Amino acid sequence: MSWEPVYRLVKKIPRGRVITYGEVAKALRTPGGARAVGYAMAATPPGRGIPWHRVLGAGGRIRLREPYAAKQRRLLETEGVVVGRVIDMKIYGWSFRRPQVKKAAKRKRRKTR
DNA sequence: CATCTGACGACCG
DNA sequence: GCGGTCGCCAGAT
């Protein structure tokens, strides 16, 4: 897989919400490629408006090494995300729109969260 | 083409 | 609940 799809998805993450590498990989239909996704984030060129800080490890854990970890934490808190030992995915976790086929879904927007 | 490496994840003891 | 292993994928050597 190329990084493009990864960047495209990450850019869709709303401010104040987060997601995990595994979820991204799964959204790209590449389960197990979570590691690759992380690599993609590391290769994310600045200035592309890619909210890399909204991507965390499983369980809302920051998998970065200092001093980057602190930086990511700060960025998240700036967006209103409460960062404790880990980030509560139950609250801030976000999901990409699943391959929602056309119709069916329009009836009554089932909340996506 | 063979290996190693890394912002990962699920399991097992 | 914590730490060590093994399995994954894409890039770099």
Side-chain angles (χ1 to χ4, degrees):
Chain A
M1 88 161 111
S2 206
W3 296 155
E4 300 315 312
V6 181
Y7 297 151
R8 204 181 59 164
L9 284 176
V10 174
K11 277 193 290 189
K12 290 181 180 179
I13 303 175
R15 187 167 170 289
R17 306 303 287 285
V18 298
I19 195 171
T20 66
Y21 299 103
E23 286 301 306
V24 175
K26 200 167 65 174
L28 294 174
R29 310 173 201 64
T30 311
R35 204 168 196 174
V37 173
Y39 197 75
M41 292 297 101
T44 301
R48 297 218 53 174
I50 301 174
W52 57 270
H53 58 282
R54 293 176 192 154
V55 186
L56 315 169
R61 226 166 113 43
I62 293 179
R63 309 294 277 182
L64 283 173
R65 285 171 294 171
E66 299 297 336
Y68 307 105
K71 185 177 181 180
Q72 178 168 29
R73 261 176 16 198
R74 193 170 85 58
L75 286 171
L76 288 172
E77 295 180 325
T78 296
E79 299 189 343
V81 177
V82 177
V83 183
R85 238 173 91 274
V86 300
I87 292 167
D88 194 335
M89 299 307 284
K90 305 290 186 190
I91 302 176
Y92 307 103
W94 186 72
S95 306
F96 294 110
R97 317 282 214 91
R98 289 302 180 191
Q100 290 295 319
V101 192
K102 328 49 185 175
K103 19 181 146 180
K106 77 174 204 174
R107 167 164 295 270
K108 189 170 197 173
R109 269 185 272 112
R110 267 314 179 236
K111 52 195 188 100
T112 0
R113 40 159 152 170

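None of these values were measured; they are calculated from a predicted model. Here is how names work: the chains are called A, B, and so on, in the same order as the sequence lines, proteins then strands, and each is numbered from 1.
- Atom CZ in A:R61 sits about 13 Å away from atom P in C:dG1, given to the nearest Å.
- In this structure, the nucleotide among C:dG11, C:dC9, B:dC8 sitting nearest to the side chain of A:R63 is B:dC8.
- The side chain of A:Y39 approaches C:dA12 more closely than any other nucleotide in the set B:dA7, C:dC2, C:dA12.
- Rounded to a whole Å, the CD atom of A:E66 is 13 Å from the P atom of B:dA7.
- Nearest-nucleotide assignment on DNA chain C puts the 5′-proximal partner with A:R85, out of A:A34 and A:R85.
- A salt bridge links A:K26 with A:E23; the closest basic N to acidic carboxylate O contact falls under 4.0 Å.
- Heavy atoms of A:A58 sit under 4.0 angstrom from primed sugar atoms or phosphate atoms, though from no base atom.
- Here the side chain of A:Y21 pairs no donor or acceptor atom with the backbone of A:Y39 at under 3.5 angstrom.
- The separation between A:Y21 atom OH and C:dA10 atom P is 17 Å, rounded to whole Å.
- Residue-to-nucleotide contacts include no donor-acceptor pair under 3.5 Å from the side chain of A:R35 to the base of B:dG9.
- For the atom pair A:R54 CZ and A:I19 CD1, the distance stands at 12.0 Å (nearest 0.5 Å).
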Determine all donor-acceptor pairs shorter than 3.5 Å in which one atom belongs to a side chain in residues 7-16 of chain A; sequence neighbours excluded.
{"unit_1": "A:Y7", "atom_1": "OH", "unit_2": "A:A40", "atom_2": "O", "d": "3.3"}

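- Atom NZ in A:K26 sits roughly 18 Å away from atom P in B:dC8 (whole-Å rounding).
- Following rounding to the nearest Å, A:Y68 (OH) and B:dG6 (C1') show an atom-to-atom distance of 14 Å.
- If you take CH2 of A:W3 and C1' of B:dG6, they are 10 Å apart, rounded to a whole angstrom.
- Summarising the geometry, the separation between CZ on A:R29 and C1' on C:dC8 is reported as 18 Å, rounded to the nearest angstrom.
- Atom CH2 of A:W52 and atom P of B:dC8 are 13 Å apart (whole Å).
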